[in-house]
Student: 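Dropping a structure here in structure tokens format, bear with me for questions.
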Amino acid sequence: MPEGDTIFRSARTLHKALAGKQVTRFETALAPLASVHDDTPVEGRVIEKVESRGKWLIVHFSGDLMLVTHMLMSGSWHIYRAGERWRMPRSRMRAVIATHDFEAVAFNVPVAQFHTARSLERSTTVPKLGPDLLSDAFAADEARTRLLAHADDEVADALLNQRVMAGLGNVYKSEVCFACQVHPFRKAATLTESEVQCILDTSRRFMAANVADGASGAIVTYSGPRRTTHAANRSDRLWVYGRQGKECRRCGATILMRKQGAGARSTYWCPQCQPMLQASHAGSVEKVEGWSVPVRRRKVGC
Ligand SMILES: [Zn+2]
């Protein structure tokens, strides 16, 4: 599933290419969108802005109309210059927004709805998202309150919940827990204040690092598969995600993986760096100090 940073970058690229321009053509393979387009044509409207809210991407048109999309597991938005060949077959096209110089194409997007400001506010499908980790105005206190309100949820599950905070996906969920030495299967209720602070700070830092703007500001049309790190081989940059059975980069213990939550998403962690603290003895269990010293400790709970 695309992480929030991927959607953020897609939205930013689409915004650069489309904002302030008039729609010269709109096409869709989705009947509900076509029906709205028939009644209130998209062509001729001006694209006011393109924004991401967590994993939702919203295209705002003049005249109080928004195209709201969610990528789920398979969808993506590509931007092409007029006449450039698409990198995916036309059969996967779900919507095209064309201006005189660009075409934005949604491929395999499983969730796409037109909304007015009012219908979006009332929508039960589009969730009311928690604070957006990539927003300059990130409301840390609100995120903290929402996280602790999910006291009975396992931490990694709560981090995936876009109503708690918007943006983290399955990869960062495990990486953030590792960075904060938090066992991903602990209940949110067992988090200490400093652990909560670490989770919020680290989540923002990891997300922000992945949306750092290129120097040129040029619009890069679709150029290959999603890239989440600056490393040539992204697995070299991850601490635990996808590393089941390999040595922890910090302590040498074997990285574990277990399916977690209603969606049975893969969760990775180091049993030594991220001990399972039970709430009942959270006050008495020593914390691992520093990262460099391999600590031989009794495994607790995992
Ligand atoms: Zn470790």
Side-chain angles (χ1 to χ4, degrees), residues 1-6 73 133 147 153-161 165 167-188 190-192 194-212 224-279 281-282 284-302:
M1 180 188 283
E3 306 251 354
D5 61 323
T6 306
M73 307 298 274
L133 286 161
L147 180 57
D153 290 358
E154 290 163 351
V155 174
D157 247 2
L159 293 184
L160 270 191
N161 185 339
M165 39 185 180
L168 285 188
N170 205 45
V171 175
Y172 286 128
K173 165 195 91 176
S174 293
E175 295 291 298
V176 166
C177 286
F178 177 83
C180 296
Q181 298 173 252
V182 170
H183 193 295
F185 286 81
R186 278 171 54 190
K187 302 281 190 198
T190 68
L191 290 172
T192 65
S194 65
E195 285 171 338
V196 170
Q197 193 61 47
C198 179
I199 283 170
L200 297 182
D201 292 346
T202 308
S203 297
R204 291 205 78 197
R205 203 172 68 242
F206 281 5
M207 297 294 284
N210 275 285
V211 297
R226 165 183 172 233
R227 205 176 55 169
T228 56
T229 76
H230 303 296
N233 178 0
R234 90 172 204 185
S235 64
D236 287 347
R237 294 292 296 264
L238 297 172
W239 291 102
V240 288
Y241 182 83
R243 302 194 64 244
Q244 180 185 16
K246 297 189 175 151
E247 284 190 358
C248 173
R249 299 186 194 282
R250 280 173 171 152
C251 76
T254 303
I255 302 295
L256 302 179
M257 188 280 282
R258 207 194 317 159
K259 300 285 186 183
Q260 185 172 23
R265 309 300 304 281
S266 304
T267 297
Y268 299 83
W269 77 101
C270 169
Q272 193 153 272
C273 293
Q274 299 161 268
M276 171 64 95
L277 297 177
Q278 300 295 344
H281 49 88
S284 63
V285 177
E286 60 170 313
K287 292 281 292 183
V288 179
E289 295 296 339
W291 291 111
S292 55
V293 185
V295 179
R296 298 282 164 241
R297 56 157 60 238
R298 185 169 52 91
K299 281 187 191 169
V300 184
C302 58

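Computed from a predicted model, the values in this text were never measured in an experiment.
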Student: Using modelled atom types and a 3.5 Å cut-off, is there a donor and acceptor pairing between side-chain atoms of E175 and backbone atoms of W239?
Tutor: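 Yes, the answer is positive, given that a donor and an acceptor are paired below the 3.5 Å cut-off.
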
Student: Sub-3.5 Å donor-acceptor pair from the side chain of Q274 to the main-chain atoms of P184, do we have one?
Tutor: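 Flag not set: sc Q274 to bb P184 has no pair under 3.5 Å.
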
Student: Side chain to side chain donor-acceptor pair (under 3.5 Å) with S266: which residues, sequence neighbours excluded?
Tutor: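 For S266 the side chain to side chain donor-acceptor pair (under 3.5 Å) partners, ignoring immediate neighbours, are K259.
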
Student: Check whether R204 reaches the backbone of L133 with its side chain - one donor and one acceptor, N or O, closer than 3.5 Å.
Tutor: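 The answer is yes, because a donor-acceptor pair under 3.5 Å joins these two groups.
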
Student: Can you name the residues that form a disulfide (SG to SG under 2.5 Å) with C248, not counting sequence neighbours?
Tutor: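 Residues passing disulfide (SG to SG under 2.5 Å) with C248: none at all.
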
Student: Just verifying a value: how many Å separate C273 SG and R249 CZ, rounded to the nearest 0.5 Å?
Tutor: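 It comes to 12.5 Å.
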
Student: Quick one: OG on S174 to CD on Q260, what's the gap to the nearest 0.5 Å?
Tutor: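 It comes to 8.0 Å.
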
Student: Taking A209's backbone N and O only, do any of them form a donor-acceptor pair with R205's side chain (distance below 3.5 Å, no angle check)?
Tutor: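 No: the side chain of R205 does not pair with the backbone of A209.
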
Student: Rounded to the nearest 0.5 Å, how far apart are CG of L256 and NZ of K246?
Tutor: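 One gets 14.5 Å once the value is rounded to the nearest 0.5 Å.
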
Student: Residues in side chain to side chain contact (heavy atoms under 4.5 Å, CB included) with Q244, at least two apart?
Tutor: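 For Q244, the residues satisfying side chain to side chain contact (heavy atoms under 4.5 Å, CB included) (neighbours in sequence not counted) are M257, Y268.
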
Student: Just wondering, do I199 and M165 contact through their side chains at under 4.5 Å, heavy atoms?
Tutor: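 Counting from C-beta outward, M165 and I199 do come under 4.5 Å.
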
Student: In this structure, which one of H183, R258, K173 forms a side-chain hydrogen bond (donor to acceptor under 3.5 Å, both in side chains) with T267?
Tutor: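 Result for side-chain hydrogen bond (donor to acceptor under 3.5 Å, both in side chains) with T267: K173.
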
Student: How far does CG of L238 sit from OH of Y172, to the nearest 0.5 angstrom?
Tutor: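 Here the rounded value is 8.0 Å.
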
Student: Below 4.5 Å, heavy atoms only, C-beta onward: do F185 and W269 meet side chain to side chain?
Tutor: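 Yes; the side chains approach each other to less than 4.5 Å.
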
Student: How long is the gap from CD on Q197 to OG1 on T202, to the nearest 0.5 Å?
Tutor: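 It comes to 9.5 Å.
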
Student: For R186 and T192, which heavy atoms make the closest approach, and how far apart are they?
Tutor: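 Heavy-atom minimum between the residues: NH2-N, 4.5 Å.
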
Student: Got a second to check how far C180's SG is from F178's CZ, nearest 0.5 Å?
Tutor: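 Spacing of SG (C180) from CZ (F178) equals 10.5 Å.
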
Student: Should the SG-SG distance of C251 and C270 be recorded as below 2.5 Å?
Tutor: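 Not so, these two cysteines form no disulfide.
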
